[in-house]
Amino acid sequence: MSETAVKTKVQFDGKYIAKLTITLLAITVVTSFLLSIVYTVTKPTIDALAEQTKQESMLAVMADATEFSEVAYTETTGVIDVQAAYSGTELLGYCVQVEPTTGFGGAISMMVGVSTDGTVTGVSVLSHEETAGLGTKAMTDEFLSQYIGRSGTLTVKTGADTDIEHISGATVTSSAITDGVNIALAFIAEGGVN
Amino acid sequence: MEQIFAIALSAILVENYVLVQFLGICPFLGVSKKVDTALGMGLAVIFVMALASAATYVVQQLLIMLDITYMQTIAFILVIATLVQLVEMFLQKAVPSLYTALGVYLPLITTNCAVLGAAVLNTQEGYNFIESVAYGTFSGVGFTLAIVLFATVRERQEFCKCPKAFEGIPMALVSASLLALCFMGFSGLSVW
Amino acid sequence: MDFTVILYSVVLLGVMGLLFGLILAVASQVFKVDTDERLEPLTEALPGANCGGCGYAGCSAYASAVIAGTAPIGACPVGGAAVNAKMAEIMGVEAGETTRHVAQVFCTGGGKEKLQYNYVGIHDCEAAVRLPGGTPMLCSFGCLGMGTCVKYCQFDALSIVDGVAKVDREKCVGCGACVKACPKHVIGMVDYDSHIQIPCSSKAPGKVVTKSCTNGCIGCNLCAKFCEPKAITVTDFLARVDNSKCTGCGTCVAKCPRKLISLVDGTATVEAPQAAGAES
Amino acid sequence: MSEPNNAPRLGKTLLNGIIFENPVLVLLLGTCPTLATSISAINGIGMGIATTVVLTGSNVVISLIRKLIPSKIRIASYIVVIATFTTIVQLLLQAYVPSLYDSLGIFIPLIVVNCIVLGRAEAFASKNGPLLSLVDGIGMGIGFTMTLAIMGLIREFLGAGTFFGIQVYPNEFAAMLMTMPCGGFLTLGCIIAAVQFIRSRGKKGAK
């Protein structure tokens with residue numbers, strides 16, 4: 001690397017460039033091919049499973065519903081999906097999937113069952129990133145059953161006359177779940193379903 | 001414009017990449033022995049993260065258009081790996097001293113969780129092009145802030161007398177935990 | 001199994017692969033650092049500890065110096081014969097032989113109780129040496145025992161044992177970092193197979209040494225007189241041994257009134273400490 | 001391409017991964033997932049298992065194709081192979097073993113950015129045969145899982161007062177700090193200090 005080395009004109013030796021590009025192209029094509037094969041093979045099963053878990057979670061909040069159907073609804077923040085719940089042909093209410101972002105670890109995905117008269121029929125948590133052992137304490141059935149039969153906007157207060165008795169050590173999560181229920185109730189109250 | 005400021009504040013202080021979100025710890029511990037290499041690493045990471053956020057935003061739009069979003073990880077990783085390889089070659093030619101100082105940690109930027117983390121978080125947050133580039137750059141600045149702060153602490157640690165077992169990395173980790181404690185103080189500072 | 005998904009993903013990634021392959025290939029040409037193709041295997045052959053024992057800033061610096069022809073093949077003390085053979089074969093030259101060197105501390109720590117003042121400060125020789133008299137101890141040549149050399153040794157071969165530095169001869173690779181690091185210059189390089197060792201570097205006259213150290217060398221010349229191969233020379237009250245002449249007979253060990261000279265695990269002699277950086 | 005008498009080398013590589021060159025404690029790789037997922041022992045072990053599967057698989061695949069890849073694009077190709085491997089494992093798990101996917105699902109995307117996988121691929125798999133790389137992957141994986149389990153136990157016990165999810169002492173006394181980032185750094189620091197102490201104690205004994 002002595003100083004006198006004149007700035008040599010950069011010579012492109014084509015063979016090296018071709019070799020490099022072909023290898024990378026080969027790798028990307030092979031990997032993407034393999035991946036897409038696996039994806040298309042597994043896609044139906046994954047979708048079926050997802051649908052099944054959704055059905056289960058909806059049944060959990062709307063016990064006596066027999067089947068659910070897609071329903072058109074106006075987009076509102078926090079509401080992910082809405083399905084009408086029927087038992088036979090009679091409309092029982094709606095299952096609203098909500099995602100309040102005020103959880104401690106991040107977004108919590110919940111399913112809230114709201115009957116036609118606007119009261120909560122059930123709440124279940126689909127997925128969350130709360131800290132294990134702490135946030136999860138606010139996801140027990142005993143805590144979630146407090147919401148059943150409630151309507152209007154609920155508040156979490158640490159006093160006597162409170163709608164929801166929050167769990168000590170999991171205040172953030174319990175208030176987040178309450179936000180979720182409030183979003184669902186407000187959504188149905190304003191007739192989000194058209 | 002204030003959205004950009006909010007992103008900047010959160011990416012640098014509130015949700016600092018290293019000390020709060022645990023992304024990019026390997027180079028954070030590996031390269032922070034001297035302040036100048038730490039700064040060199042930080043600048044390289046900012047450069048890569050800014051470009052990566054821009055490139056991955058374009059790739060994400062492509063993926064959405066073709067409706068193959070499951071390819072997200074692979075496509076992002078390919079973009080980032082190529083970017084890092086370019087930075088590596090450029091540094092080897094232009095700044096060989098920094099290149100040797102960074103050593104193995106330069107290719108490790110590719111697997112650096114921070115870079116891919118930024119790309120994935122950009123898509124999750126649904127930022128538009130300018131916001132995602134801003135987010136990438138400012139999280140790189142947050143990374144650099146953390147690594148330079150840490151490097152200054154580690155340089156002073158060379159002369160303190162600490163128990164034999166704690167010399168080197170354990171001592172660095174203990175001071176990193178104190179640093180993380182301070183950054184936790186910012187968590188209450190949510191702007192929007 | 002709709003094929004559009006497969007088609008799209010393969011096409012997209014294929015195009016990206018092609019594009020990036022091209023960019024990388026072109027970039028590797030533009031940023032081509034013109035290195036001799038032997039540099040890569042040569043740096044690989046070297047141990048990679050970047051210890052500086054060969055006198056260069058690191059293995060890659062030494063490798064490029066070897067290719068430029070300004071450095072001999074066998075200068076890597078850490079690698080020893082195995083590395084030299086590999087380097088010679090890469091460079092297509094026969095390997096120069098190397099003798100193994102190890103570090104040795106020329107102080108027994110006898111004077112560490114006899115102090116001029118009590119030193120309370122940064123526990124580091126480089127800091128202690130800046131104070132008046134250059135040392136808190138009476139003996140102004142002795143080892144301070146605060147472990148600067150231990151910090152510089154990459155091979156964990158040096159440790160402070162009851163107040164004085166001790167070299168682990170097996171672990172020491174002879175890189176010479178400690179010789180450069182010691183502010184009191186009490187560490188020197190000696191042949192691995194030296195027979196005896198005179199662990200002292202005090203150039204003070206006898207009566208000063210008797211006051212400042214339990215077994216420091218007082219320059220009485222007895223060892224030099226009784227050494228038939230004349231391996232020991234005494235210059236300004238300090239005895240030094242030349243390793244090449246010493247036969248390891250051990251008479252000097254018996255003769256030394258201060259019980260300073262000792263056999264290096266029974267087989268070796270001591271050679272004068274050379275300048276830093278052992279040449280082959 | 002079987003190496004002659006490599007049984008001792010296999011054993012050595014396996015042990016190497018677990019103790020002598022434990023990926024997290026000694027090589028200090030993969031600290032991001034270690035700190036992030038070791039909030040509870042179950043999470044830690046789950047992450048460890050998922051990483052072992054991916055690490056072993058990608059080590060073998062990379063050591064098979066190591067000769068075809070020129071050095072300039074080695075990082076890009078290795079990481080694409082690792083990412084593909086990870087996503088395939090994720091899809092298969094999601095489709096055919098949903099129960100396992102529920103517990104391990106969120107960790108798998110994290111593995112792609114795990115420095116151990118690319119670290120081992122570049123340091124080991126690209127220089128050794130598939131058999132040795134397989135063993136190294138397993139060794140490293142076990143070492144990683146063990147470290148994560150220990151970290152998880154400590155942080156969960158101190159931070160949430162639970163032991164594998166069972167409440168051991170009332171939550172009020174737990175130091176929530178341990179489940180936070182700074183707790184993670186502290187625990188990892190103390191574990192590495194303990195390892196260094198044991199190793200230095202071992203050496204002094206031996207001398």
Side-chain angles (χ1 to χ4, degrees), chain A residues 1-56 68-72 75 80-81 83 97 99 109 126-127, chain C residues 1-44 46 50 52 54-72 75 87 90-91:
Chain A
M1 282 78 82
S2 55
E3 294 71 23
T4 56
V6 71
K7 181 81 186 62
T8 54
K9 185 193 135 328
V10 175
Q11 18 65 17
F12 294 97
D13 82 26
K15 200 173 63 52
Y16 180 71
I17 293 183
K19 180 164 172 290
L20 224 58
T21 326
I22 301 300
T23 332
L24 198 57
L25 177 69
I27 290 175
T28 39
V29 166
V30 165
T31 43
S32 55
F33 184 70
L34 264 175
L35 190 57
S36 42
I37 293 274
V38 172
Y39 179 69
T40 35
V41 164
T42 56
K43 190 162 184 359
T45 358
I46 292 176
D47 291 348
L49 273 172
E51 192 48 40
Q52 197 204 334
T53 37
K54 177 162 228 167
Q55 294 287 350
E56 272 156 20
F68 302 91
S69 70
E70 284 292 330
V71 156
E75 279 305 320
I80 309 293
D81 174 33
Q83 300 221 349
Q97 186 181 348
E99 213 163 82
S109 166
L126 304 178
S127 75
Chain C
M1 269 260 285
D2 54 359
F3 289 102
T4 52
V5 172
I6 301 178
L7 185 70
Y8 284 155
S9 36
V10 170
V11 162
L12 174 72
L13 226 73
V15 164
M16 277 171 68
L18 191 74
L19 194 67
F20 292 136
L22 218 63
I23 296 175
L24 281 183
V26 167
S28 69
Q29 299 288 309
V30 167
F31 293 133
K32 192 151 186 46
V33 178
D34 39 28
T35 55
D36 185 315
E37 81 287 352
R38 288 175 302 189
L39 184 63
E40 186 87 8
L42 209 54
T43 335
E44 215 93 87
L46 289 167
N50 293 336
C54 52
Y56 291 87
C59 294
S60 47
Y62 172 53
S64 39
V66 165
I67 289 194
T70 56
M87 278 167 65
I90 295 171
M91 296 299 287

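All heavy atoms count here, side chains included; hydrogens, waters and symmetry mates do not. Order of the sequence lines sets the chain letters (A, B, ...), proteins ahead of strands, with each chain counted from 1.
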- request: Mind checking the CG-OG1 spacing from C/Leu19 to A/Thr28? Nearest 0.5 Å is all I need.
  value: 11.0 Å

query: Taking only residues two or more places apart in sequence or in another chain, which ones pass salt bridge (charged side-chain N to carboxylate O under 4.0 Å, His left out) with A/Lys19?
result: none

task: For A/Ser32 and C/Val10, work out which heavy atoms get closest and say how close.
output: OG-CA, 3.5 Å

- prompt: Of the options C/Ile6, C/Leu7, C/Leu13, which is the one that meets A/Ser36 in a side chain to side chain contact (heavy atoms under 4.5 Å, CB included)?
  reply: C/Ile6

statement: In terms of heavy-atom contacts, A/Leu24 and C/Phe20 come closest through CD2-C, 3.9 Å

query: Tell me, which pairs form a ring-ring contact (aromatic ring centres under 6.0 Å, His included) where one or both residues lie in residues 14-37 of chain A, sequence neighbours left out?
result: none

message: Using heavy-atom distances under 4.5 Å, tell me whether A/Thr31 contacts chain C through its side chain, its backbone, both, or neither.
response: side chain

Separation of C/Leu22 CG from A/Thr21 OG1 (nearest 0.5 Å): 5.0 Å

Which portion of C/Tyr8 sits near chain A, non-hydrogen atoms under 4.5 angstrom: neither

- prompt: For the residue pair A/Leu20 and C/Ala25, what are the closest heavy atoms and their distance?
  reply: CD2-CA, 3.3 Å

